[in-house]
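Chain A is the first sequence line, chain B the second, and so forth, proteins listed ahead of strands; every chain is numbered from 1.
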2 protein chains.
Amino acid sequence: MTADARYEHMAMIMKAMAHPTRLFILDKLNEKEHCVCELQEMIGADMSTVSKHLSVLKNAGIIDNRKQNNMVFYSLLCPCVLDFYQCIVKIK
Amino acid sequence: MTADARYEHMAMIMKAMAHPTRLFILDKLNEKEHCVCELQEMIGADMSTVSKHLSVLKNAGIIDNRKQNNMVFYSLLCPCVLDFYQCIVKIK
DNA sequence: ACAGTAATTGGCTATTTTGCCAAATAGCCA
DNA sequence: TGGCTATTTGGCAAAATAGCCAATTACTGT
């Protein structure tokens, strides 16, 4: 993997996280898995909007999902992404 | 600071980092400070483009600068932002 | 099969981001 | 002052992103 490709890959993952709603979602999934409707309730946006946020995180490889009955539960694959929070609070 | 404001703030900082060129810049500044012209040489883009990338990082509070003669040297304020790299390489 | 709930997808518009060029600013040296 | 280099800023067009609505898919229970 070239250096360029590595920066592209990292940027893709960071871009996936770089949204207030998606950071909120990651925080919630760090506690336990949630279905889309639970997250929608907490966020208050349209369900399609929440679903699209989730697919951004899934495409980046940060979260995964499983189907149960007619619901889809999402879970956090890499809890380490949240370690970043400690660094960020030190900024400014 | 409300939870919403915290997510906004974190997203702003992550968005500032979420670009291949800006991640490259942070990597270089982690070794030592650099002037804009040195970074431009390494990156190969227009100097105005590099300057704008730098101002995005500066506005986010991640880097700082100092003037020396007619050059501007940039330096990394929060090396901890690079700790994130170790987490990202584990993804996918 | 039918109705109901959960989720995703397509389409659309508004907003933001990106990166170039050109112009403006600032500091150096002769 | 004038010319040179380094940097920033404004403006613009292309591309990406966000979030809503409507339509579709999928699974449940009757």
Side-chain angles (χ1 to χ4, degrees), chain A residues 4-5 7-29 32-77, chain B residues 4-5 7-26 28-29 32-76:
Chain A
D4 271 13
Y7 287 121
E8 288 281 353
H9 182 237
M10 287 199 295
M12 188 266 290
I13 290 169
M14 300 209 64
K15 196 152 54 172
M17 294 181 65
H19 188 288
T21 301
R22 294 199 288 267
L23 289 173
F24 174 84
I25 289 172
L26 292 177
D27 240 5
K28 290 302 168 190
L29 297 185
K32 65 184 180 75
E33 66 172 14
H34 285 285
C35 65
V36 184
C37 57
E38 286 170 333
L39 293 168
Q40 193 231 337
E41 181 102 17
M42 294 187 268
I43 293 166
D46 196 276
M47 177 169 283
S48 70
T49 300
V50 176
S51 179
K52 278 176 184 172
H53 281 311
L54 288 164
S55 75
V56 169
L57 292 170
K58 182 151 190 292
N59 287 335
I62 305 173
I63 65 176
D64 198 8
N65 64 12
R66 69 180 179 88
K67 283 169 213 238
Q68 181 181 328
N69 300 331
N70 59 341
M71 289 184 282
V72 179
F73 284 86
Y74 282 87
S75 55
L76 187 56
L77 277 180
Chain B
D4 270 14
Y7 287 120
E8 289 281 352
H9 182 236
M10 286 199 296
M12 186 268 290
I13 290 168
M14 299 207 65
K15 194 153 55 171
M17 293 180 64
H19 188 287
T21 300
R22 294 198 288 267
L23 289 173
F24 173 84
I25 289 172
L26 292 177
K28 289 304 168 188
L29 296 185
K32 65 184 178 76
E33 67 172 12
H34 284 285
C35 65
V36 185
C37 57
E38 285 170 335
L39 293 168
Q40 192 231 339
E41 179 103 17
M42 294 187 268
I43 293 166
D46 195 276
M47 177 168 282
S48 71
T49 300
V50 176
S51 179
K52 277 175 184 170
H53 281 311
L54 288 165
S55 76
V56 169
L57 292 170
K58 183 151 189 292
N59 287 335
I62 305 173
I63 64 176
D64 198 9
N65 64 13
R66 68 178 180 89
K67 283 171 212 236
Q68 180 180 331
N69 300 330
N70 58 340
M71 289 184 282
V72 179
F73 283 87
Y74 282 87
S75 55
L76 188 57

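Listed nucleotides: C:dT8, D:dT8, D:dA6. Nearest to the side chain of A:Ser51: C:dT8.
The nearest whole Å value for the distance from the CE atom in A:Met12 to the P atom in C:dT17 is 20 Å. One can place CD of A:Glu41 at 13 Å from C1' of C:dA6, the figure rounded to the nearest angstrom. If you take CG of B:Asn59 and C1' of D:dT8, they are 13 Å apart, rounded to a whole angstrom. Rounded to whole angstrom, the span from the CE atom of B:Met17 across to the C1' atom of C:dT18 amounts to 19 Å. The CD1 atom of B:Ile63 sits 13 Å away from the P atom of D:dT7 (whole-angstrom rounding). The interatomic distance linking B:Phe24 (CZ) with C:dT18 (C1') rounds to 18 Å, in whole Å. Atoms CE (A:Met47) and P (C:dG10) sit 18 Å apart, rounded to a whole Å. Atom pair B:Leu54:CG and D:dA6:P shows a separation of 15 Å (rounding to whole Å applied).
Between B:Leu54 and B:Ile63, the shortest heavy-atom distance links the atoms O-CD1, 3.5 Å.
For B:Asp46 (side chain) and B:Ser48 (main-chain N/O), a donor-acceptor pair under 3.5 Å exists by modelled atom type. Judged by distance alone, with hydrogens and angles left aside, the side-chain atoms of B:Arg22 form a donor-acceptor pair with the main-chain N or O of B:Ala16 at under 3.5 Å.
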Base versus backbone protein contacts along nucleotides 19-30 of chain C [heavy-atom cut-off under 4.0 Å; B, S, -]: SBBB----SS--
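Of the inter-residue distances, the one linking A:Leu77 atom CG with A:Leu26 atom CG reads 11.0 Å to the nearest 0.5 angstrom. Atom CZ of residue A:Phe73 and atom NE2 of residue A:His34 lie 9.5 Å apart, to the nearest 0.5 angstrom.
Ion pairing between a basic and an acidic side chain is recognised when a charged N comes within 4.0 Å of a carboxylate O; A:Lys28 and A:Glu38 show no such pairing.
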Stepwise, does the side-chain contact (heavy atoms from CB on, under 4.5 Å) test hold for A:Ile43 with A:Ile25? CA-CA 9 Å; A:Ile43 293 166; A:Ile25 289 172; 3.7 Å; yes
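Remark: D:dA13 base-pairs with C:dT18; criterion is Watson-Crick or G-U wobble with both hydrogen-bond distances under 3.5 Å. When Watson-Crick and G-U wobble pairs are counted only if both distances are under 3.5 Å, C:dA3 pairs with D:dT28.
Taking side-chain N and O atoms only, A:Tyr74 has a distance below 4.0 Å to OP1 or OP2 of C:dT8.
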